[in-house]
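Step one of this worksheet: look at the structure below.
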Amino acid sequence: MKYDYAAIEKKWQAVWEREKPFRAETGSDKPKFYGLIEFPYPSAAGLHVGHPRPFTAMDVVTRKKRMEGYNVLFPIGFDAFGLPTENFAIKNHVHPAKVTKDNIANFTRQLKMLGFGFDWDRVVDTTDPEYYKWTQWIFLQLWKKGLAYKATVPVNWCTSCKCVLANEEVVEGVCERCGSPVIRKEKSQWMLKITEYAQRLIDDLNDVDFIDRVKTQQINWIGRSTGAEVTFKATTGDEIVVFTTRPDTLFGATYMVLSPEHALIKKWAPLLQNLDEVTAYQRLAASKSDMERTELSKEKTGVKLAGVAAINPVNGREIPIFISDYVLATYGTGAIMAVPAHDDRDWEFAKKFGCEIIEVVSGGEDVQKAAFTAKDETGILVNSDFLNGLTVKDAIPAMTKWLEEKGIGKAKVNFKLRDWVFSRQRYWGEPIPMVWCDHCGWVPLPESELPLRLPDVESYEPTDDGESPLSKMTDWVNTTCPHCGGPAKRETDTMPQWAGSSWYFLRYMDPHNPDALASKEALDYWSPVDWYNGGMEHTTLHLLYSRFWHKFLYDIGVVPTKEPYAKRTSHGMILGQNPRCFDCMTKEQQTALVDEFGSEDAARAHLVEQYGEMASHPIVKMSKSLGNVVNPDDIVRDYGADTLRLYIMFIGDFEKAAAWSDNAVKGCKRFLDRVWTLAENRIDGDETYSHANEAAVHRAIKKVGEDIEAMKFNTAIAAMMTLMNTFGEHAPSRGDVKALLLLLSPFAPHMVEELWERQGFAGYASTSPWPQYDESKMVEAEKEIAIQINGKVRATAVVPLEADDDAVLSVVLSQEKVARALEGMELVRTIVKPKMVSLVVKPAANNK
RNA sequence: GCGGGUAUGGCGGAAUUGGCAGACGCGCAGGAUUUAGGUUCCUGUGGCUAUACCGUGUGGGUUCAAGUCCCACUACCCGCACCA
């Protein structure tokens, strides 16, 4: 019978639906394993082929763990709040809740179609009030501990979404989502003090098993730098505090720069002789988008404050003060001391504005020609009074100590990480459970009133003044103060998309608990997540945010571990076939082109002429405009879910990007067809391995098992293909086939289950024990070794496995080819290794 | 500019501690089956001026032996980007 994947997959999915073999049991005596994938955002477009890569990978891992006797938690849910749904709702005049419901239904259908072994009784949906009740609860706890606060800050404002963005959501000066320019705007926003956890977010990376590129990217993003804060006095008597990583260069500070937003400028306004110029510059800086600021970064701009100056505290010299947008308001103190001799940016600015450049570290080139920025022992302090003669390395602590003694400075650590802007002026998000009372200020909603439900509104359009659509719902907005009972107004901003995903893995542990985000019992049993796989794009967003929330929950005694995830891995993207590249085309497309142009060469020439370099560039992203988007529904229809699963695991190195290939899918289908043909009819006999295949079976068990653990799925599958090829040479026994089916089960669960049943094996393959290998049975009685003569392989020989070095050598030397090569030569040295023998020879002395 | 990564046949990609480079798959070529196409099966497949020689981005080095280790480069990809 032909391999009827459609019927088989339907059959077994129905069995799983009914019998729930993948259900996790809280409190079981078995060892637990919690495998996690990033829950999808249920878009209207449905699942794309990018999703099955991480999903199948973790499905394979958890299916194997289950077979190894673990109590596995492998859950799924939906991160369903967010702008695309809201925009879709606005465009089509449907309620976002309805859109979400439909999209989740479609995603659920597709996920079940692919046969993932999720525990479907634990599905979470971030838009469910029973879920976001706890998102709001966590927010209230943050507020109580002073980690949530409202502040007027310059924020990233997307001109198209009409919404505030977190720093992490701004990519190259444009909105990560819609690509529109982002400008800076002053707005009152809810903020979360992630900066309070900056040091711990770095330190605790030591305790987790994250791939290195995730660790380094997080460390760089948090951006710790050590230095000192130094207080300068202005001629007005005001104090200007700066942060510097180079306190040793203080004698070389010849001017100061304030960011255009600096508070002192307003205070000094009456004193400024060039106030018009200054305010014009401030206005220009504010109106620039981040992109423009970046583009203009090559050329420094600024304005000198006329009428005010500063005093360098180490030598009493009066130095000018500028404002410039190369100094950021949001980092350090928003003000710097400029040392043009030893900082590239200051040097560039000084050259343009004619500031003095004084060398205080010798060892570089002429500082009038370029800044000397080396921080190591190569620089020696000069022109610096008590620091003269010290290396930079020694001068930094010496100066810091001196500043502290004089009371004009202190050691300081700064982070690039900023507090998390937590407000969004949109409808489709969690309402922030806070109330503004003119008497009491911001008052939290009592926990008994959670969840604070999102009310229905007429229109989801954001308002032009940048307020949330909720602000128009006066019935909802006007309320009473929980504290004094007087009239009060609700917060109308909602939480960002990242809120619900910051703790969802905890809810999976106990998804229906009405009294807590999860029970202590469930949290103690399942924590931490043993293995979390996800995309690199979330490294400085979701992954960092959820680590922050988890640490906070740990601090208030809610969760039992400091870190949420014990292990983090990451997959590469699935790219598309290049429709303009001849080699990427299917045979049908190639044939059509060859027919049209007469020959393959003519067809290729045409493509090159038409598309230039693109015709030979095989890797491109999937996009609608290129028409190379692959829909999982189509692949499942044409090849079956098992083939899609197998192919997406076989496509290449899991961590690297890989291009989809229609042709290569067929190879995986062919492999499954061959397995089907081999095992569709019952093989008689006992369940031991055949003599001829035994070693190959043991080797495959070892290889497949180890490769799954190492996420080397492509070579695991290659090992099964190799085993299949071995079976082609020596007909497999019933036991041989059983082993292959067990190994293949995590990858192609439907087909294996069907064959398992046809063979009449007990139970289900997916709940049978993972096969064991015996190292001693993996080797043949004889082995082939390579023979090198003067470093080049000249022959091979077969020797008994247990032969000692002398025995091996005698076999080698008896080889005809070796004997010929040694004629008239003197054997200088022999090296015998398990897999090869190396002979070093030189012409014999008497032969010369 | 800073940080991270990659480079191996026509293509995707394999290669413990240095130990027969190219596993496995695609594609391609030939053959069998078929009225034909497709499917399936078998054989071959790094290059070449072929018993030899050359081959893992480039140039050096260490070693009996280098894709793997060391030094110096080049190209491409990803992240951050005036962070004082």
Side-chain angles (χ1 to χ4, degrees), chain A residues 2 171-173 212-217 219-221 223-225 227 242-246 249 257 293-294 296-298 300 324-328 330-339 342-346 348-349 414-418 536-537 539-540 572-573 581-584 587 590 618-619 646-647 650-653 655-668 670-671 673-674 677 703 706 712 714-725 728 784-796 817 828-841:
Chain A
K2 202 171 173 307
V171 177
E172 287 172 10
D212 284 341
R213 54 197 175 121
V214 168
K215 286 190 184 183
T216 37
Q217 212 168 300
I219 290 168
N220 290 342
W221 183 263
R224 183 182 199 271
S225 61
V242 301
F243 172 71
T244 176
T245 56
R246 295 292 302 277
T249 62
V257 187
R293 267 172 105 131
T294 314
L296 295 172
S297 70
K298 283 149 205 146
K300 295 271 185 291
S324 170
D325 65 2
Y326 88 89
V327 173
L328 308 175
T330 48
Y331 182 75
T333 61
I336 62 155
M337 64 178 216
V339 184
H342 306 291
D343 182 280
D344 291 324
R345 296 152 301 178
D346 297 345
E348 196 189 321
F349 188 89
N414 251 326
F415 297 94
K416 279 197 251 183
L417 186 70
R418 315 284 156 83
M536 281 306 287
E537 71 275 17
T539 302
T540 53
M573 234 199 305
C581 163
F582 191 86
D583 295 314
C584 295
K587 201 167 180 182
Q590 290 178 344
I619 294 189
L646 195 73
Y647 173 59
F650 189 60
I651 193 166
D653 184 337
E655 292 204 359
K656 289 191 206 142
W660 182 269
S661 158
D662 288 329
N663 283 327
V665 178
K666 292 174 188 161
C668 291
R670 225 171 306 205
F671 169 66
D673 279 336
R674 289 173 63 205
T677 308
K703 178 78 178 153
E706 289 176 352
K712 291 161 79 174
N714 52 341
T715 49
I717 293 166
M720 290 187 274
M721 290 172 166
T722 304
L723 184 62
M724 197 54 208
N725 292 341
E784 195 182 52
I785 58 168
I787 302 167
Q788 281 185 10
I789 295 171
N790 283 351
K792 296 203 166 157
V793 177
R794 295 293 176 191
T796 59
K817 272 189 182 173
V828 182
R829 192 175 159 195
T830 62
I831 299 143
V832 181
K833 294 280 173 181
K835 284 161 85 177
M836 53 95 55
V837 169
S838 186
L839 306 176
V840 184
V841 301

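Both backbone and side-chain heavy atoms feed into the values below; hydrogens, waters and symmetry mates do not. Everything numeric here is computed off the predicted structure, so don't read it as measured data. Here is how names work: the chains are called A, B, and so on, in the same order as the sequence lines, proteins then strands, and each is numbered from 1.
Using the Watson-Crick or G-U wobble rule with both distances under 3.5 Å, B/G46 pairs with B/C54. Searching all strands for a Watson-Crick or G-U wobble partner of B/G12 with both distances below 3.5 Å returns B/C24. Pair check for B/U17 finds none; no Watson-Crick or G-U wobble contact set falls under 3.5 Å. Within the shown strands, B/U6 is the pairing partner of B/A75 under the Watson-Crick or G-U definition, both distances less than 3.5 Å. Across all strands shown, B/G1 forms a Watson-Crick or G-U wobble pair, both distances under 3.5 Å, with B/C80. When both pairing distances are held under 3.5 Å, B/U62 makes no Watson-Crick or G-U pair with any nucleotide shown. Under the Watson-Crick or G-U wobble criterion, with both distances below 3.5 Å, B/U34 is left unpaired in every strand shown.
Here A/N714 reaches the OP1 or OP2 of B/A14: one of its side-chain N or O atoms lies under 4.0 Å away. Taking side-chain N and O atoms only, A/T715 has no distance below 4.0 Å to OP1 or OP2 of B/C24. Listed pair A/R674 / B/U39 fails the phosphate criterion, with no side-chain N or O lying under 4.0 Å from OP1 or OP2. Proximity of A/R670 to the phosphate of B/C26: a side-chain N or O atom is located under 4.0 Å from OP1 or OP2. Close to B/A84, at under 4.0 Å from its OP1 or OP2, lies a side-chain N or O of A/Y331. Within the 4.0 Å cut-off from OP1 or OP2 of B/G5, not a single side-chain nitrogen or oxygen of A/R213 is found. For the OP1/OP2 pair of B/G25 and a distance below 4.0 Å, the side-chain nitrogens and oxygens of A/N725 include at least one atom meeting the criterion.
Residue A/I789 is out of contact with every strand shown, counting any heavy-atom pair closer than 4.0 Å. Residue-level contact check: A/S838 touches the bases, meaning some heavy atom is under 4.0 Å from a base atom. Among the atoms of the strands shown, only primed sugar atoms or phosphate atoms (P, OP1, OP2) are found under 4.0 Å from some heavy atom of A/K712. As judged by a 4.0 angstrom heavy-atom cut-off over every strand, A/R794 is placed among residues touching the sugar-phosphate backbone only. Within 4.0 Å (heavy atoms only), A/T330 reaches no atom of the nucleic acid at all. Residue A/G223 is out of contact with every strand shown, counting any heavy-atom pair closer than 4.0 Å.
Remark: the separation of the P atoms in B/U51 and B/C42 is 32 Å, to the nearest Å. Atom name P, nucleotides B/U39 and B/A29: the rounded distance is 13 Å, in whole Å. Separating the C1' atom of B/U49 from that of B/U56 is a span of 24 Å, rounded to the nearest Å. Of the P atoms belonging to B/U62 and B/A52, the separation is 28 Å, rounded to the nearest Å. With both ends at atom P, the span from B/G61 to B/G13 equals 33 Å, rounded to whole Å. Rounded to whole Å, the separation between the P atoms of B/U8 and B/A84 comes to 37 Å. Only the C1' atoms considered, B/A32 is 31 Å distant from B/A14, to the nearest whole Å. Across B/U17 and B/U63, the matching C1' atoms stand 16 Å from one another, rounded to whole Å.
Smallest separation of non-hydrogen atoms from A/K712 and A/T715: O-OG1, 3.0 Å. Nearest heavy atom pair, residue A/R418 against residue A/T330, reads NH1-OG1, 2.7 Å. Shown here for A/Q217 and A/M536, the closest heavy-atom pair between the two residues is OE1-CE, 3.2 Å.
Side-chain atoms of A/N790 come within 3.5 Å of backbone atoms of A/V841 as a donor-acceptor pair (strictly under, hydrogens ignored). Without hydrogens or angle criteria, A/Y647 side chain to A/W660 main chain gives no donor-acceptor distance under 3.5 Å.
A straight line from CD1 of A/I787 to C1' of B/A65 spans 15 Å, rounded to a whole angstrom. When the C1' atom of B/C26 is taken as reference, atom CG of A/N663 falls 7 Å away, rounded to whole Å. Atom CE in A/M720 sits roughly 19 Å away from atom P in B/A23 (whole-Å rounding). Rounded to an integer number of Å, the gap from NZ of A/K792 to P of B/A65 is 11 Å. Rounded to whole Å, atom C1' of B/C26 lies 10 Å from atom NZ of A/K666. Between the CG atom of A/D653 and the P atom of B/G25 there is a distance of 19 Å, given to the nearest Å. Going from atom CD of A/E348 over to atom C1' of B/A84 covers 14 Å, rounded to whole Å. The separation between A/K416 atom NZ and B/C80 atom P is 11 Å, rounded to whole Å.
Along RNA chain B, the nucleotide closest to A/N414 and the one closest to A/K833 are compared, and the more 5′ of them pairs with A/K833. Residue A/M721 is the one, among A/D343 and A/M721, whose nearest nucleotide of RNA chain B lies closer to the 5' end (criterion: closest heavy atom).
Contact of A/Q788 with B/G19 (side chain to base): a donor-acceptor pair of N or O atoms is detected under 3.5 Å. No hydrogens or angles were tested; on distance alone, nothing pairs the side chain of A/K835 with the base of B/C20 as donor and acceptor under 3.5 Å.
Listed nucleotides B/C64, B/C82, B/A84 differ in distance to A/Y326; the shortest reach to its side chain belongs to B/C82. Ranking B/C80, B/C20, B/A84 by closeness to the A/L328 side chain, first place goes to B/A84. Looking at the side chain of A/W221, the nearest of the listed nucleotides B/C24, B/C80, B/A84 is B/C80.
Separation of atoms CD (A/E348) and CG (A/D344) is listed at 8.5 Å; rounding is to 0.5 Å.
Taking the O4'-C1'-N9-C4 or O4'-C1'-N1-C2 dihedral as appropriate, B/G44 has a value more than 90° from 0 and is therefore anti.
Using a 4.5 Å cut-off on side-chain heavy atoms (C-beta onward), A/K666 and A/D673 make no contact. The closest side-chain heavy-atom distance from A/V793 to A/Q788 is below 4.5 Å.
For the pair A/K300 and A/F349, the NZ or CZ position fails the cation-pi test of under 6.0 Å to the six-membered ring centre and within 45 degrees of the ring normal.
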